[in-house]
Every structure is written in C-alpha cells, then in structure tokens.
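This is a predicted model, so every value here is computed, not measured. Order of the sequence lines sets the chain letters (A, B, ...), proteins ahead of strands, with each chain counted from 1.
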Amino acid sequence: MPTSPSPCLPDYYRWAQWLCLLFIDQGLAYRHLSLVNWCPIDKTVLANEQVINGACWRHPDTPVEKRDLEQWFLKITDYADRLLDDLALLEGWPEHVRTMQANWIGRSEGVEVDFKVRGFAEPLRVYTTRPDTLFGVTFMVLAPEHPLVERVTERERLPEVREYVERAKRETEIERLSTATKKTGVFTGGYALNPLTDEAIPIWVADYVLMGYGTGAIMAVPGHDQRDFEFAREYSLPIVEVIAPESGKQGVGEAAFTGHGRMVNSGRFDGLSGQDAFDAVAKHLEEGGIGKRVTRYRLRDWLISRQRYWGCPIPIVHCKVCGLVPVPLEQLPVVLPTENKPLADNPEFYQTKCPRCGRDAQRDTDTMDTFIDSSWYFLRYTSTHEERLPFDPELAAHWMAVDQYTGGVEHAILHLLYSRFFQKFLFDQGMVGDVVEPFTRLFTQGMLKRHGQVMSKSKGNGIAPEQMVENDGADAGRVYLMFLAPPQDDAEWSDRAIAGPVRFLQKVWRLALEPESFSVTRSGATEELLTRRTHQAIKRVTDDYAGYRFNTAVAALMELANALEEHLQGGGSRAAAWDFAVRTLVLLLNPMAPHLGEELWERTGGVGLAADAAWPEYEAALATDPTVTLVVQVNGVRREALEVPRGLSEAQALERALQSERVAHFLNGDKPSRVFYVPDKLINLVP
RNA sequence: GCCGAGGUGGCGGAAUGGCAGACGCGACGGUCUCAAAAACCGUUGUCCGCAAGGACGUGGGGGUUCGAAUCCCCCUCUCGGCACCA
C-alpha cells in the first residue's frame, strides 16, 4: 500500500535534493547576487510570488525589505513561453486562474532600441512596446540604479543626482510602488539622440523606472504614455502628439492617448496604424542595426534559497578551491539538524570536506523554498517506495496527470505555477512520459472567513476541527461546511447555523430507526408520491455531486428527509417504497456523513459497507409527476396557477386557462390576441 | 488605473429567459411541560386591506422581450488578482 510522502522526512527530501542537483546539472539553477525580497520577521528571503502587496505572504502587515544577497534561483523564465502557451490546454481550469497566470507571466512583444548618447561611444538601450511612438520621444529616463547614471551626468549636476539616487534607494518597495505619489526625478544634463530624427533628447533619472524590468531605461513618450505624461507635466517637458485616434479629435489633452491609432508627425511613417505601424518602425530599426524585436516577461526567476532552520538543505558544498561543488548523489540526503537554530550558526552542520578535493569546506546553510516540496509530491504518490529515483518514470507516465485537483485560489500563481514548471522540466528529462501538464481539471475552493477575515491560526479566528467534532460530531461539521455556501465561493462561518445540519442528521436517524416517533397528523400519503420524491432526489443529488454543487445537494437531501417525514405524518405505509426511500437517503448522504451513513446502513440491513454499495439509479419514469402546476399569466402578470395533467397541448391549456374566472376577469371578457405557451410550465395570454 | 468575480428577505443562500426567495439559520405564535430546554405544528420579502385581494420588489438608471434576478448599454458599490512592467 502506498504511504503518504512526508516532506519533513529525509526519505522524501533527499529526492528534492536530487531534483535540485538535476536542475543544477541541466543549467537551470544558478547562484546570483541581486536585490532580493527579505522578510524581517521570518528573517529569510522570498520569491516574487511570495510577496503580496509589498508584504510577506505569511505576514501581510510586514513590508518586505530589499537586500543585496547571493542566492539560488531556478530558471523558470526559460519556461515562460510554454507555461503561458500551454494554459490553452487547461480547459478544465477556471478561466480566472488561467488569466491570473497569464498576467503573472506577463509576456510582452517589443523592440529594444539603441539611442546614441552625446559624448559617448556606447549607446543607451531602451525597451518599448510602442516603437510607433518613437517620433514622440521628448526625454529619456534612467532608473536610479542604472549603471550609466553616474557617467552621463554633468559634473555640476552630480551632487543633486547622487542625492536623488541615494534617496530612491532608501525608499521601501511600498513607497516606491505607490502610484498615488507624485512622480519625481532629476535632470542629468546629458542628451541622447533620437535614432530617427537625430533630435537631442534630455536624459533624466526617475524612480518610476525600474531597474528590474526591460533595460532599466526608457524612451519617454508623454503624448502616449500616462506615466510619461504625468512626469512631463510635473517638470514642464514638451508633449508631442504622434498617434491620432482613428476617429475623434487630435491634440494633446488632459491625459495621454495610449490607444492605437494613426501615426502623425512621424515623417515617412505617417498614416500607418496598429500592428502595421509597429512592424514598419521595428523593421526600419532592425535594418538600420539600431534595434531588434524582443519578447519580455514580467515573470522572474524563482528564488529558492531560504534562511530557515527547517526545510530541505540545499545539497551544495562551498569549497575555497573548487568553488560550488554538488554533493554527490550517493551522499544524499544532506540531513537537516534537529536543533532549532539557524544552519549558519551550526558548525556541526556546515563544517564538512569538499567532495572533490577533500579539503575543509562549508555546506550551503540555506534550505529550499518549501514550495519545491509541493511541486512534485503528486509524482511521488505514483511510487512512494521507489528507492533509486524520486519516482518511477513509468508509473508516473502511467498515472499522471491528476484528473481532478482541488485547492484554494490563493495558490493560483504559487503552487500551481511552480508545479506546472516542475512537470515541464521533468517532461524534458524524459521522466513523466508525454504528460506536459500535471493537473487536468482544477477546482478552486473559496476561503472560509469568520468575523470578516480569512480564518487563520495567526489571527486566532479559526474553529478547531476537534472542537467541532466534540460539539456536534464530524458528520454534522462536514455537512454544515458543504451546506454553507457554493464551494468555489468564500464563505462566512456562522457559529449558530450548524444547528440546521445537526437537526437534519438527527431527523435522518429517527426516520431510519424510530419512524414510530413521528405522529400521524393528516392523511393522503401515497407510495407513488414517496417513490417519485426518492427518484427526484437521486437525480438532483447525483447531478449536484458531479457538478460540485454540494450546498444544493444537501438541500435536496433535506427535502427527501422532509418527504419521508410527510409520508409518515400523512399516514403512509412503511412498505417497499419506504424502505427504498430510507436506504436511498442513507446512500446519498453517506459521502458527506459517513459515520452516520455506515451506521444506519448496517442497522437497516445493508450488506457490507455503504461506501461499497451500488450508487442509487435514477429512473425518469418513476420520477415524473403526473400533474404539473400551470401558471397562467395575463399580459405577463401571474394571475392563476392550475393543477393540470402533464403534456397538455396549447389548445387544451388555453381552454383550461380561459375557464378560470380570475383569468376571465383580467382579460375583461376579451379574447387574447397572442398566446405564449411553455408546455407544463406557463401560459401567457396577451389581450 | 487595468483584469476578473459579484450585489437577491433580518442572515447563509436557491432560481441562468417562464410561479423570485428552494433548503437552512434566526424571529414570532402555538402544542407538550409545574417551568424551561429539546422536539413537534404554524407564520415569516415590503406596503395597503378585517378579509378576499391588490400594488411594489433581485444595488441604481435605461433598453431588448409577450415575459428579465437571468440578455444588452450606462452608473455605483463590494471582493479578489495585478499594479509606475515602459
């Protein structure tokens, strides 16, 4: 029997280390010094995906800091195109999750353009998605961290520029990202030359340009980019119109025109528009050797180092002579110490010998992002006892992909993106057959809230399952959760509403075992009616389960229980129809309330487990009511409801409708001029 | 700002072109009880009315249709994602 993989045990994480070494071996893992996100509470770095609104995903009130550190990255950007394009294969995924991933990857097609800089041999390279606005460039902007800043700045302006750059560096990510703040910047005194017009263009430094995207420098087109427009207004820089709306008036207004339109004031390119304009300018630049088309992504490589004392140690040895040396496969796993102290403070852990030269060396003291563990556990499930590899490739190819995957939306661009990346990497390694996507169908649950906030341990607003089991029982708790709201929606927990499911389950118990406790209060119950209700319930509950509509499935079960109760109160017999209804109710309820279900199954004479019993079959003939309620409308307003036999023709229905006094009254004695008939449902008479 | 999902009784929600409010919570009235709890029965969108009945009603406004919570347009608010990404 397979056992669950446990990421905290060496049996599992040795294979995470194995995979880490495979990434390194394939050139897809690298160590790089860069400005990274740092959570001051956890005292560790974070991946971009784990920074939410400028804060650590585990501490929403704690802004991340930026630190220059040398860290390990996985080259997920090498897979950006495939991760984006293959979203089209994921028809079983919710559209919004696919959209979120597409936005996160953020592919954009643009052109890198080289601007000559006055007094310099080397060009200033910028990235733009709008080469068709090139004639509208009125200034250039460098990010404060741009390497050219110091060099293009005039001597007498250096102090001012340096002060600005220093201030920008001190600002937190949140301050700098805030779109609400006014744009700031400083002129360097340097000039670039427009490659198409040879016009001199002043070069500024401003923190609204980010070093981490594109080339860290932009050509500013205030007429057609809102940010540039705001900056130009702030510093009284010229604004030129070079794109005219296809329809409507020309001229510089109170905002940049960022749509596509006809090129104007652009020499020989005038009149071109849209993709043609893009292509024409791009081609011209490429032919002139001053530009080339490039594809850029918002997605960054995945920073996987973590400065934690838990997790999976990165299997690398730092040797003064040999450099970074992978721990040989046969020496895995590198075991995590049990003491709760940073690995960097634990000489017993990090002191080792270089596997290559045998000299004293140090282990890498970082552990891997725990999202690494969750990125392939589903593959380990296909062969949990495999001892030579992370998993058996043949079994993985056989069992994958996961047909139905369920998780919270909060993982839309964390776990679900990383897992797709792993699957594609392992596909390239020939380890997963032809399976390029790990999860065929995805269902995203909503989050459970209480007092208006997502339930969490840190907020202390959670409900311990043990407490729920203690108070009302596991079955009642499960039925309540199913009943609370549609599963894909966020749900607000209510402490008292669980009373409904509790009463419902108690009623089911009494119906199945103590039907004599219900008193007869009227008459008229029939076996046929009970059987119909039972078959109707089979259809509804079965369809609702299949469609993940658990809340309405519970409602349908409650209605069946009510039908049983009414049958007793109506003096109905407890013969074949009764037994069928009770046993059906038990079977339909069993997936949500298995303790009660199995107990009742056994006590009512069921053989074996209810869970193994055949699922009830719905029979249309037995589920159909012989009569229907026909609503009669006059001029679209409901005036009468008639109980009529099923399947009346329009003429028959009209005849019956006209016999009604109320209908006649509202028709004022006139014959209806038009009649709309929906068989077995409604007839609308228009005077 | 952009993208997405939404707004229905006191509350959670049902109904995706055809009886708005299924199912449940809560509330109110009743049965039982010395009493209470539990259980059971009944009522419960709003307004007018003794009633029969009528009018209004799915965030707001307009439209399409015999008929709109449902489709279209505009506005508004809430939630989620992205956010100075060039």
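Sorted by first then second residue, the salt bridge (charged side-chain N to carboxylate O under 4.0 Å, His left out) pairs that include residues 633-650 of chain A, not counting sequence neighbours, are Arg646(A)-Asp680(A). Here salt bridge (charged side-chain N to carboxylate O under 4.0 Å, His left out) pairs that include residues 494-503 of chain A, with residues two or more places apart or in two chains, are Arg450(A)-Asp495(A). The stretch residues 532-542 of chain A participates, sequence neighbours left out, in these side-chain hydrogen bond (donor to acceptor under 3.5 Å, both in side chains) pairs: Arg532(A)-Asp625(A), Gln536(A)-Asp625(A), Lys539(A)-Asp543(A), Arg540(A)-Glu559(A), Thr542(A)-Trp615(A).
Residue Phe278(A) contributes atom CZ, which lies 12 Å from atom P of A86(B) at whole-angstrom precision. In this entry the distance linking CH2 of Trp57(A) with C1' of C82(B) reads 19 Å, nearest Å. For the pair Glu234(A) CD and C84(B) P, the computed distance is 18 Å after rounding to whole Å. Rounding to whole angstrom units, CG of residue Asn103(A) and P of C82(B) are separated by 9 Å. Counting to the nearest Å, the C1' atom of G81(B) and the CG atom of Leu414(A) are 12 Å from each other. Between the CG atom of Leu417(A) and the P atom of C82(B) there is a distance of 12 Å, rounded to whole Å. Look at CH2 on Trp509(A): it is 22 Å from P on A38(B), rounded to the nearest Å. As a whole-Å value, the separation of Trp104(A) CH2 from C82(B) C1' is 8 Å.
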Under a cut-off of 3.5 Å for both distances of each Watson-Crick or G-U pair, what dot-bracket string does RNA chain B give, using [ ] for crossing pairs and | for inter-strand pairs? (((((((..(((.....[....)))((((((.......))))))((((....))))..(((((..]....))))))))))))....
When every nucleotide of nucleotides 12-24 of chain B is labelled 5' to 3' by its protein contacts under 4.0 Å (heavy atoms), B for base, S for sugar-phosphate only, - for none, what sequence of letters results? BSS---BB--BBS
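Nucleotides G59(B) and A55(B) place their C1' atoms 22 Å apart, quoted to the nearest Å. Comparing the same atom, P, in G24(B) and in G45(B) gives a spacing of 15 Å after rounding to whole Å. For the C1' atoms, the distance from C23(B) to A15(B) is 12 Å, rounded to whole Å. Atom C1' of C32(B) sits at a distance of 50 Å from the matching atom of C77(B), rounded to the whole Å. One C1' atom belongs to C11(B), the other to G26(B), and the distance between them is 7 Å to the nearest Å. For the C1' atoms, the distance from U8(B) to U70(B) is 12 Å, rounded to whole Å. G6(B) and A38(B) have their C1' atoms separated by 40 Å, given to the nearest Å. Taking the C1' atoms as reference points, U58(B) lies 9 Å from G7(B), given to the whole Å.
Scanning for side chain to side chain donor-acceptor pair (under 3.5 Å) contacts around Thr188(A) gives an empty result, with sequence neighbours left out. Arg98(A) pairs by the salt bridge (Lys or Arg N to Asp or Glu O under 4.0 Å) definition with Glu95(A), not counting sequence neighbours. Partners of Asp544(A) by salt bridge (Lys or Arg N to Asp or Glu O under 4.0 Å), not counting sequence neighbours, listed by chain and number: Arg549(A). In this view, Asp114(A) and Arg125(A) satisfy the salt bridge (Lys or Arg N to Asp or Glu O under 4.0 Å) rule, not counting sequence neighbours. Under the rule for a side chain to side chain donor-acceptor pair (under 3.5 Å), the partners of Asp81(A) that lie at least two apart in sequence or sit in another chain are Arg107(A), Tyr297(A). Judged as a salt bridge (Lys or Arg N to Asp or Glu O under 4.0 Å), and not counting sequence neighbours, the contacts of Asp279(A) are Arg293(A).
Within 4.0 Å (heavy atoms only), Gln569(A) reaches sugar-phosphate atoms of the nucleic acid but no base atom. Within 4.0 Å (heavy atoms only), Ser494(A) reaches no atom of the nucleic acid at all. Counting non-hydrogen atoms under 4.0 angstrom, Tyr480(A) reaches nothing in the nucleic acid. Counting any heavy atom pair closer than 4.0 Å across all strands shown, Ile413(A) reaches sugar-phosphate atoms only and no base atom.
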For nucleotides 44-47 of chain B, print each protein N/O atom paired with a nucleotide N/O atom at under 3.5 Å, atom names and distance only.
none

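Dashed line: the shortest gap from a side-chain N or O of Arg496(A) to OP1 or OP2 of C25(B) is not under 4.0 Å. The side chain of Arg639(A) places no N or O atom within less than 4.0 Å of a non-bridging phosphate oxygen (OP1 or OP2) of G53(B). At the phosphate of A86(B), neither OP1 nor OP2 sits under 4.0 Å from any side-chain N or O atom of Tyr127(A).
No side-chain N or O of Trp93(A) forms a donor-acceptor pair with one of Gln101(A) less than 3.5 Å apart. A donor atom on one side chain and an acceptor atom on the other are found under 3.5 Å apart for Thr184(A) and Tyr164(A).
With contacts defined as side-chain heavy-atom distances shorter than 4.5 Å, the pair Phe115(A)/Met140(A) qualifies.
Residues Arg662(A) and Glu565(A) each lie close to RNA chain B; by heavy-atom proximity, the contact nearer the 5' end of the strand is made by Glu565(A). Each of Ser519(A) and Thr184(A) lies near RNA chain B, and the nucleotide nearest Ser519(A) is the one positioned closer to the 5' end.
Taking the O4'-C1'-N9-C4 or O4'-C1'-N1-C2 dihedral as appropriate, G30(B) has a value more than 90° from 0 and is therefore anti.
A cation-pi arrangement is not found for Arg298(A) relative to Tyr213(A), the charged atom failing to lie both closer than 6.0 Å to the ring centre and inside a 45° cone about the ring normal. In this structure, Lys183(A) fails the cation-pi test against Phe231(A), since its NZ or CZ atom is not both closer than 6.0 Å to the six-membered ring centre and inside 45 degrees of the ring normal.
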